[in-house]
Structure formats: C-alpha cells, structure tokens
Amino acid sequence: MFKKILIANRGEIAVRVIRACKEMGVETVAVYSTADADALHVALADEAYCIGGPRPQESYLNEEAILTCAVASGAAAIHPGYGFLSENASFARKCRECGLVFIGPSPEVIERMGDKDAARRCARDAGVPIVPGCDLLANPEEAVQEATRIGCPVLIKARAGGGGRGIRRVERPEDAGSAFMEAKLEAEAAFGDGECYMEKFVHPAHHVEVQILADAHGGVVALGERECSVQRRNQKLLEESPAPCLEGRDDIRDHMYRAACDLARAVGYVGAGTIEYLYADDGSFYFMEMNTRLQVEHPVTEFVTDVDLVKWQLRVAAGARLPFCQDDIHITKHAIECRINAEDAQFRPSCGTVRMLHVPNGPWVRFDSALYPGAVVPPYYDSMLGKLIVCSPTREEAIRKMRSALSELMVEGVQENSDLQLDILANPEFLSGTYHTNLMEHLYES
Ligand code: ADP
Ligand code: ADP
Ligand code: MG
C-alpha cells in the first residue's frame with residue numbers, strides 16, 4: 001500500500017478520500033486554493049499546501065503546482081476525486097512521467113472513454129448496444145441531414161461533455177443546424193473542444209448505471225446498479241440502488257452487468273468506473289457513456305454492497321487483486337442519496353458562511369460533506385454542499401428514512417434544496433418507482 005498520497009480535490013470528496021486513507025494508515029497531503037484556507041479537507045490532512053488563487057485554473061486544475069507538491073512531499077500517488085482533473089488523460093500521463101501513480105485507469109483508457117464519440121464505437125465493438133445516432137458532425141448542414149435520417153427528436157451532444165453540459169435537444173430537423181452551433185459553442189467554452197455527435201432522443205427512458213471495479217490482474221465485478229433518473233437539466237439530483245425500474249427484471253440486470261464488465265475487460269480498465277445506460281420500458285437498453293472515475297453517488301453502492309469503493313480504488317491502484325467475484329455480490333438492501341445543493345428555490349447558486357448546522361444522524365444515515373459551523377461556501381466551485389444517503393431493507397422504508405433525515409437537516413447562512421428533495425420524495429410518480437428522466441418536468445407542472 002502507498003505510504004502517502006496527495007488528494008487533488010476539495011469539498012466533500014477530498015474529505016471522503018482523506019478519511020479512507022486515515023483508516024488505512026496512509027498519510028495524506030491536501031492542496032487548496034486561497035479561497036479554501038479554512039476548508040475541512042485542509043484541516044483533516046496530515047499536510048496541506050496552498051497552490052493558487054480561487055479560480056479552478058489557478059489551483060485545482062493547476063497541474064504543475066499539484067505535481068510539484070506531490071513530488072516534494074514524497075507522495076506516491078494522486079487521488080483526483082471527481083470533476084477537476086479526474087478525467088484528464090494528459091494529467092494522468094504527467095503523473096506517470098513524475099513517477100506518481102494516478103489513482104484511476106491508464107491515460108490511454110481515460111482518453112478513449114473521455115471522448116464520448118469514440119467510447120460509443122468502443123462499446124459497440126465490445127457488443128454493448130448503443131443509441132442509434134451518428135459519428136462527429138462536420139457542419140450545420142450535416143446536422144440537419146442526420147436529424148432527418150435518424151428521426152427527431154434527437155440530441156446533439158459534445159464528445160467532451162460532462163455534468164450535463166454541451167447537450168441540445170432538437171424537435172425538428174430544420175432546427176438541428178442552429179442547435180449544433182449552440183452545443184458547439186457551449187462545449188468550446190466549457191471543455192475547449194467543440195466537436196459534437198448526434199443520438200436519437202430515447203424517451204421515456206430511465207438513467208441506469210452500473211458500478212464496476214476492476215483490478216490489474218483481469219478481475220472485474222459489477223457492484224450493482226443505480227437509478228439516476230431524477231435529474232434537472234441532465235444533472236442528477238437523487239440516486240437510488242437497486243433501480244426500481246428493474247424490479248423483477250433480473251434477466252435485464254444481468255445483461256447490463258455482463259455488458260459493463262465486457263466493456264471494462266475489452267479496454268483493459270483498472271479501478272472504479274461507471275457505465276451509464278438509458279433503459280426503455282420495453283426492456284431495451286443502450287450505452288450512454290463511461291465515467292472513468294469515482295462517481296458522486298458512489299455511497300449508494302457502498303451502502304448496498306458493503307464495499308468501500310475508495311479503499312478499493314487505492315488497493316487496486318497499488319496492485320492488489322479483488323478478493324471477491326460476481327457470485328459474491330448479493331444486494332438485499334435499498335439505498336437513496338439526495339444531493340444537497342447550495343441554491344435558492346429558483347436554482348440560483350447561494351454562497352456565504354454557514355452560521356448554524358444540524359446534521360441528521362442514526363443507523364444507516366450518512367452525510368458526506370465538508371460543512372461545519374463557520375465554514376465558508378465560496379462562489380467559485382460546484383454548488384453541491386453535501387450528500388445525504390440512507391439505507392434500509394426496503395425502498396419504502398428508505399424513502400421514509402430519507403424524509404425523516406431531510407427534515408432534520410438544518411443549514412443556516414446558505415440556502416439549500418432539501419425542500420425540493422422532500423417534494424420529490426412525496427411525488428406519486430417517484431413513489432411508484434416507474435419514473436423516467438422527465439420526472440422533474442412533471443413535478444413543476446403539478
Ligand atoms: P456523476 O456522474 O458522478 O454524477 P456529474 O456529471 O454530476 O457526475 O459530475 C460530477 C462532478 O464533476 C460535478 O461536480 C460536475 O460539475 C463535474 N464535472 C463532470 N464532468 C466534468 C467535466 N467534463 N469538466 C469539468 N467538470 C466536470
Ligand atoms: P454527461 O456527461 O453530461 O453526464 P450524458 O451523456 O451522461 O452526459 O447525458 C446526461 C443525461 O442526458 C442523461 O443522464 C440522460 O438523462 C440524458 N440523455 C443523454 N443522452 C440521451 C439520449 N440519447 N436520449 C435521452 N436522454 C439522454
Ligand atoms: Mg453522464
């Protein structure tokens with residue numbers, strides 16, 4: 001095992017990784033921006049270094065500063081968390097050049113899967129069903145032609161997209177040209193890469209994703225699935241496992257797991273990763289993308305499988321073999337996660353200083369966050385304050401448990417979305433378990 005690692009992230013995920021390291025006897029190095037001098041991850045790490053100004057480019061995306069800190073502090077590996085540098089192949093390559101282990105798959109795998117258009121072809125070649133669509137679009141005219149051929153509605157998607165950005169829905173072929181230009185510009189600004197492809201808009205559909213874990217010796221397991229169909233603007237709000245839409249469909253579930261593991265094997269995947277699918281009620285499913293990193297919603301899987309994903313990321317990165325196989329994974333519980341975002345009722349980001357904080361507690365209640373009374377929520381980063389996760393023997397009980405936990409959560413000084421989460425948990429469509437990715441649109445209509 002590594003003696004010391006550097007955590008190239010902030011907020012709840014940096015805290016999550018530091019805690020795992022402490023339990024494993026691994027020393028930790030935190031890096032932080034000038035806006036995060038009083039942040040929890042800085043206080044919890046064994047060593048901490050300020051690497052630049054508040055803007056991500058100056059600090060959490062400042063590759064040179066991070067690599068310098070890692071080498072100078074004697075760290076053996078870097079954990080990138082999610083977001084920031086976690087899916088940056090060139091950073092993973094630089095780690096390798098500096099003699100550091102990047103805790104994640106190889107730069108080659110990140111490169112292949114990070115390009116969503118190339119990943120589609122890779123999935124197809126591994127025998128995984130993909131959404132009808134086309135390869136990269138050259139110009140607006142081609143977008144119109146392809147929208148006509150594929151049949152509207154379609155989505156124009158940036159190959160470098162992430163976090164729900166760089167996606168445009170097209171209802172009529174004649175609108176595809178302008179939508180293509182919009183998606184391209186948004187993707188250029190957000191990811192520095194404006195290349196886009198097109199997919200049939202599958203609806204109504206469920207977002208179902210499979211968590212995989214792979215070692216460097218050919219061992220691959222699927223650690224169950226998560227349903228992430230509660231989304232606003234293609235961004236996840238609430239996740240649960242098992243997926244209610246797969247209730248009684250073990251045949252499909254097994255097929256999804258096998259396809260995910262086949263793809264992981266085909267590309268030589270090592271580490272924790274997620275294969276995202278769209279699932280339609282007729283039983284068909286399609287590959288959407290692969291996230292080559294730890295996922296925000298990983299605690300849902302940890303609760304139902306009793307597997308600590310962060311610890312296993314470290315172990316397989318250090319060369320360990322997975323001691324369990326697919327037959328050892330039995331899921332008999334139900335877990336739900338609510339993302340607690342710093343935003344007002346109009347979804348505008350909220351920031352400030354946390355004046356008062358009460359965090360729900362009790363058996364099988366987990367609150368992953370970097371909050372404490374007096375903590376500052378700066379305006380420069382993602383608006384997620386934390387994640388509330390609960391686990392129960394049944395979905396019904398998990399929903400009641402989440403309601404109870406949410407109603408206990410109190411944050412003063414920064415606005416948060418727990419009332420919205422309570423509305424979702426009271427929605428009849430959500431309660432029935434038959435909801436699709438358009439649930440939030442329905443919630444606002446009612
Ligand atoms: P998950 O699939 O884990 O739920 P999200 O798509 O919600 O992932 O993204 C996780 C985090 O990473 C969010 O904070 C999001 O803003 C950020 N993120 C995702 N993709 C990118 C990207 N390509 N560039 C920058 N940040 C990203
Ligand atoms: P990101 O990298 O931003 O997470 P994804 O490709 O995972 O992008 O898509 C984000 C969300 O957009 C999905 O969870 C799903 O709700 C919706 N989506 C993406 N592709 C399609 C599609 N072809 N049909 C219907 N919905 C889609
Ligand atoms: Mg996605």
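Numbering of ligands and ligand atoms starts at 1, following listing order.
The closest approach between a heavy atom of Gln235 and any atom of ligand 2 is not below 4.0 Å. Look at Gly161 and you'll find a heavy atom under 4.0 Å from some atom of ligand 2. Residue contacts with ligand 2 include Glu289, since one of its heavy atoms falls under 4.0 Å from the ligand.
Distances between N or O atoms of Leu155 and those of ligand 2 include no value under 3.5 Å.
Listed by number with element, the atoms of ligand 2 under 4.0 Å from a non-hydrogen atom of Lys116 are 1 (P), 2 (O), 5 (P), 6 (O), 8 (O). The distance from ligand 2 to the heavy atoms of Gly162 drops below 4.0 Å at these ligand atoms: 1 (P), 2 (O), 3 (O). For ligand 2, the atoms closer than 4.0 angstrom to any heavy atom of Gly164 are 1 (P), 3 (O). Annotation for ligand 2: atoms under 4.0 Å from non-hydrogen atoms of Gln231 are 11 (C), 13 (C), 14 (O), 15 (C), 16 (O). Of all the atoms in ligand 2, the ones that sit under 4.0 Å from a non-hydrogen atom of Thr437 are 16 (O).
Shown here is Arg315, whose CZ atom has more than 12 heavy atoms of other residues, nucleotides or ligands within 6.0 Å.
Between Tyr381 and Tyr60, the gap from one ring centroid to the other is short of 6.0 Å.
Under the side chain to side chain contact (heavy atoms under 4.5 Å, CB included) criterion, Asp193 pairs with Arg159, Ala160, Glu195, sequence neighbours left out.
Each salt bridge (Lys or Arg N to Asp or Glu O under 4.0 Å) pair with one or both residues in residues 127-152, not counting sequence neighbours, appears once here: Arg121-Asp135, Glu146-Arg149.
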